[in-house]
Amino acid sequence: MTDFGEVLTRVHREEWARVVATLARRFGDLDVAEEMAAEAFATAVQRWPLDGVPPSPRAWLITTANRKGIDRLRREVKREDKHKEALMLADTPEPVGAIDDDRLRLVFTCCHPALAMEVRVALTLRMVGGLTVAEIARAFLVQETAMSRRITRAKEKIRAARIPYRVPSHEDLPARVTGVLAVLYLIFNEGYLASDPGKEAVRADLTAEAIRLTRLVGDLLPGDGEVAGLLALMLLTEARRPARVSAGGELVSLGEQDRGVWDRDLIAEGHALVRARLAAGQAPGRYQILAAINAVHTDARDIRDTDWSQVVALYDQLVGLDPSPIVWLNRAIALAELDGPQVALAQVDPLPLDGYHAFHATRADLLRRLGRSQEARAAYDRAIALASNSAETAYLTRRRDQLPAPDFP
Amino acid sequence: MAQQYLISVLNDSTDSDDGNEMAAIGEFNAKLKAEGHWVFANGLTAPSTATVIDGRHGEPVFTDGPFLESKEYVIGLWIIEAEDLDVALRLAAQGSKACNRRLELRPFHGA
């Protein structure tokens, strides 16, 4: 007997974005597209166990959703002209390749720069990812009603301001792709190191979703080196997830991780992507450089085997693209392994990052290695006060408490 | 079926004219007209010249001054037509550069 639950979950994961994207183009309205797609899937839940899974689930879902959309428009006679137009367009046969283009349109619409970042994230997860509003609300620890309002308002703005449903023009494309990647990376990071102390430290559902969406965007924009770079970066980061949090719920630093439990398949795929980008011979963007740095780390069997000069060289390249204090901070962390904590500390100290927990955590670690325990303790205190992730706080607290006790007179 | 947008020109107290705005605005307006985006544009006089009118309850009440006292206020506006927000945003970015001010872009109800 077929396990319909499993089939439906798989079809939902694979086809949701296609169904929404196709309907959005036909009806010229994201709201209608989302609702009709949801109804079509609900109908599938009822019908498929009785009628069997149709030979082409995708075609069945699109046809069903389309019919529901037309029914709805017929009921709402007092609608705008463009919907009547959509009705007439509805039976036009699909041009070859149109569906993939539709999904790409959907991605660019959801990640439009006229929408606030948090709105882009929510819309992308709902429209492209197919997560329910409840799931998105839970992931970002927002009330479901608030998340629902956020998504509704976004759809209203898309309609009223006419955010276009198309792939951006040639001149806008690079900036818009960068915008899409920022949304995907934010989703990944929220999963990888949840910002809220009440949440699990690592949320595999969000990292998996971010990787899935990045794969999709990679399939849709095969020539884009930065998309490939971001995917590689995510894979090489995700590969270390099993070693990243201890059984006791504490963050494990790169040097202390059990490299035996790293996911070799993800690492192999990530390395292949990085090699392909190197072979392409184009100047790499920031995600490609970050992926290359992670490739160096995941190449080493032991922290002591890490090619730190290569890591520092890659950070030099990144500083050239993005000379922000956070990049300098990360470069200094690598530099400490090459030239020692004293040299690194001199570079870290002047950085204007007083409100950033990683700045204080880095200082604390460098000061500890220099035997300056009292200053290290103060830096750990600052880092703990600013860190919001529970596993990170646990790690920093243990490190602080392991410092030699201060000498009391 | 072009969409109409209101572009409000915002005056920050920190703005300082560099003397080239009028020429740049003129050039930008000519471009709007040539490309079929132009509906209307003009500058506004100072907020202190405004009058608030309330005619809802019998005899109208006239109040001297703007309805909102604020450091930031609208000093001019464009109404443009564009196919979609991407086109409108590109035009507004050029307009912002021309008049050397921040702008707010807001769609009118459907065309």
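The figures here come from the full heavy-atom set of this structure, side chains too, leaving out hydrogens, waters and symmetry mates. Letters A, B, ... mirror the listed sequences (proteins, then strands); counts begin at 1.
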| task | Any salt bridge (Lys or Arg N to Asp or Glu O under 4.0 Å) involving residues 219-228 of chain A? Give me the pairs, sequence neighbours left out, ordered by first then second residue. | result | none
| query | So which heavy atom on A:Ala160 is nearest to which on B:Pro107, and how close? | reply | O-CB, 3.2 Å
| query | Which distance, rounded to the nearest 0.5 Å, do you find between the CZ of A:Arg166 and the CG of B:Asp84? | reply | 4.0 Å
| remark: When every non-hydrogen atom of B:Leu85 is compared with those of A:Pro164, the smallest separation belongs to N-CD, 4.1 Å
| All side-chain hydrogen bond (donor to acceptor under 3.5 Å, both in side chains) counterparts of A:Thr178, not counting sequence neighbours | none
| request: Flag yes if more than 12 heavy atoms outside B:Glu27 fall under 6.0 Å of its CD atom; otherwise flag no. | output: no
| said: Please check if the number of heavy atoms outside B:Met22 that lie under 6.0 Å from its CE is greater than 12. | reply: no
| request: Using non-hydrogen atoms and a 4.5 Å limit, figure out which bit of B:Arg90 sits close to chain A: side chain, backbone, both or neither. | output: side chain
